[in-house]
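Working notes, structure below.
A note on names: the letters A, B, ... follow the listed sequences, proteins ahead of strands, and every chain is numbered from 1.
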There are 2 protein chains.
Amino acid sequence: MIRVFIVDDHPVVIEGIHSLLQNVNGIEWAGHAMNAASCLGFFVNNMADIVLMDISMPGMDGVELCAVMKEKYPGVFILGLSTFNQGLYIKKMMENGASGYILKNSSKEDLIAAIHAVKDGNIFFSGEVGQALADYQKYSKSALPVLTPREKEVLELIAEGYTNPQIAEKIFLSPFTVDSHRKNLLAKLNVKNTATLIKLAVENKLI
Amino acid sequence: MIRVFIVDDHPVVIEGIHSLLQNVNGIEWAGHAMNAASCLGFFVNNMADIVLMDISMPGMDGVELCAVMKEKYPGVFILGLSTFNQGLYIKKMMENGASGYILKNSSKEDLIAAIHAVKDGNIFFSGEVGQALADYQKYSKSALPVLTPREKEVLELIAEGYTNPQIAEKIFLSPFTVDSHRKNLLAKLNVKNTATLIKLAVENKLI
DNA sequence: ATTAAAATACCCTTTTCGGGTGATTGGAAC
DNA sequence: GTTCCAATCACCCGAAAAGGGTATTTTAAT
């Protein structure tokens, strides 16, 4: 028997999931909480194998609660749950020890598959979530201005630690020109200096 | 019926997986290939729903083949397969469109669960693989020298684009002191300048 | 042919870098 | 209890590089 607990501030969601999981072979309803505090309260005297956890809740949110729960009860597997497809939060919650992520409007089959996968220590994402993660990456990339080939070239060399004079020598340009490309990079990407330029570039996989 | 194809240069693995999947309800054996080229050859005249793909193969490796396959046949789901737990390759293969990743010595149950999850467009990692990914992150972090709290603080402010004088004002220090911390960061992390400092910091999630 | 974008180039000011030096503090080891 | 060390703080100098602004020449596209 897999004991499933749910934390969500929307009664409708709790009811919905509850009825979906009712009479499912091998799954037992452990209970529910409507905020982080009462979830933690529940686990003082009770146990569950899996916690379905909303990402957005009043007070402590899912991302934080996930970290606290995994700290206190490492054996409990956490499955993120959300209506909206926010790649950033999914990522954060996974970094905090969640074992997977599904949408609240997932099919019964997906929900059960996810619960079983996670129970065995595996990691499960529903397809839409995987797509959201990918889109998140792409979005943050495509929101950036297009760099010219020369600019990319200069950017890469800057990231490798070469100075303007060194880059100039490497690609047969005047140091002034390299500097111009560098300034265009700063302007295009709307950053102040080399530090923020490189930070942005690495975070968006430009280099 | 889910048609499963396998690409692996080790006959033992092909045989092993084949026998594991034999007589499993809903799963059909589509065939096998022992290198990237014959896999691509197979798909010219045939189809499969899922490809179990080795990561390390002579010639074109799994990471590359994965990209080619998803380009040509986006509807085919790819499940990475490996004996060794290399976080870096897992990451690369996922970036190239794979739908999951399991170890060759996975249990029959995990293998079947993974195939079903992936077939529905979901994403599945076996627990050990998830661990490998996490370890990979931690490993690359722990190989770095330990930074003092002050150094981390300065590093973060540099990454946010503040100059030495600005940082000095912000944390009530002499600009000289900030500069000292900055130089220590460069020395400790063995980098030349701000560009490489920030690149290393972001890549290792120091900021 | 016109135009916009890209690539090129220069000057001046501010900031960083590399090379030091040295005082102070708080904890760990002897 | 003293010695030692790492961390933090502070300073100086000169050379090098980056940042702000401006301007000309290619190149590609319509």
Nucleotide [N], atom [atom2] - distance to [atom1] of [X] in whole Å:
X	N	atom1	atom2	answer
B:E153	D:dC9	CD	C1'	13 Å
A:Q166	C:dC17	CD	P	13 Å
B:K192	D:dA18	NZ	C1'	16 Å
B:L197	C:dT16	CG	C1'	12 Å
A:I167	D:dA18	CD1	C1'	11 Å
A:R182	C:dT14	CZ	C1'	14 Å

Candidate nucleotides C:dC17, D:dG19, C:dT16, ranked by approach to the side chain of A:L186 - the nearest: D:dG19
Output all residues satisfying side chain to side chain donor-acceptor pair (under 3.5 Å) with [X], sequence neighbours left out; order by chain, then residue number.
X	answer
B:D61	none
A:N193	A:T196
A:N35	A:S38

Distances under 3.5 Å only, N/O to N/O: pair up the protein atoms with those of nucleotides 23-28 of chain C.
none

Side chain of B:K183, base of C:dG18: donor and acceptor closer than 3.5 Å? yes
Could you tell me whether a side-chain N or O of [X] sits under 3.5 Å from a main-chain N or O of [Y], the two making a donor and an acceptor?
X	Y	result
B:N122	B:V118	no
A:K119	A:I2	no
A:H18	A:I14	no

Can you give each donor-acceptor pair under 3.5 Å made by side-chain atoms of residues 68-76 of chain B, sequence neighbours left out, with the distance rounded to 0.1 Å?
{"unit_1": "B:K70", "atom_1": "NZ", "unit_2": "B:P74", "atom_2": "O", "d": "3.1"}
{"unit_1": "B:K70", "atom_1": "NZ", "unit_2": "B:V76", "atom_2": "O", "d": "3.0"}
{"unit_1": "B:Y73", "atom_1": "OH", "unit_2": "B:F43", "atom_2": "O", "d": "3.4"}

Within a strict 4.5 Å, meaning less than it, do heavy atoms of the [X] and [Y] side chains meet?
X	Y	value
A:V51	A:I6	no
B:H181	B:L155	no
B:I167	B:I158	yes
A:I50	A:I78	no
A:L79	A:I102	yes
B:M53	B:M93	yes
A:C39	A:L65	yes
A:L157	A:K170	yes

Going by distance alone, is a donor N or O of one side chain under 3.5 Å from an acceptor N or O of the other, for A:T177 and A:R150? no
Dump every N/O contact between nucleotides 28-30 of chain D and the protein below 3.5 Å, one line per pair.
none

Tell me, which of residues 154-163 of chain B have any heavy atom that sits under 4.0 Å from an atom in DNA chain D? none
Dump the pairs, protein N or O against N or O of nucleotides 4-9 of chain C, anything under 3.5 Å, distances to one decimal.
{"unit_1": "C:dA7", "atom_1": "OP2", "unit_2": "A:T148", "atom_2": "OG1", "d": "2.3"}
{"unit_1": "C:dT8", "atom_1": "OP1", "unit_2": "A:R150", "atom_2": "NH2", "d": "3.1"}
{"unit_1": "C:dT8", "atom_1": "OP2", "unit_2": "A:R150", "atom_2": "NE", "d": "2.8"}
{"unit_1": "C:dT8", "atom_1": "OP2", "unit_2": "A:H181", "atom_2": "NE2", "d": "3.2"}
{"unit_1": "C:dA9", "atom_1": "OP2", "unit_2": "A:S174", "atom_2": "N", "d": "2.9"}
{"unit_1": "C:dA9", "atom_1": "OP2", "unit_2": "A:T177", "atom_2": "OG1", "d": "2.8"}
{"unit_1": "C:dA9", "atom_1": "O5'", "unit_2": "A:T177", "atom_2": "OG1", "d": "3.3"}
{"unit_1": "C:dA9", "atom_1": "N7", "unit_2": "A:S180", "atom_2": "OG", "d": "3.0"}
{"unit_1": "C:dA9", "atom_1": "N6", "unit_2": "A:S180", "atom_2": "OG", "d": "2.5"}

Filtered N/O pairs between nucleotides 24-27 of chain D and protein, under 3.5 Å:
none

Overall bend - the helix from C:dA1-D:dT30 to C:dC30-D:dG1, comparing terminal axes fitted on five pairs, nearest 10 degrees: 60°
List, one per line, each side-chain donor-acceptor pair under 3.5 Å for residues 26-33 of chain A, sequence neighbours excluded.
{"unit_1": "A:E28", "atom_1": "OE2", "unit_2": "A:R3", "atom_2": "NH1", "d": "3.2"}

Begin with the C-alpha distance, continue with both residues' side-chain angles, and end with the deciding distance and a verdict on side chain to side chain contact (heavy atoms under 4.5 Å, CB included) for A:L197 and A:L185. CA-CA 8 Å; A:L197 171 68; A:L185 283 166; 4.1 Å; yes
Check whether any side-chain N or O of A:N164 sits under 4.0 Å from OP1 or OP2 of D:dA18, and answer yes or no. yes
Taking only residues two or more places apart in sequence, or in another chain, which ones meet A:K183 in a salt bridge (Lys or Arg N to Asp or Glu O under 4.0 Å)? A:D179
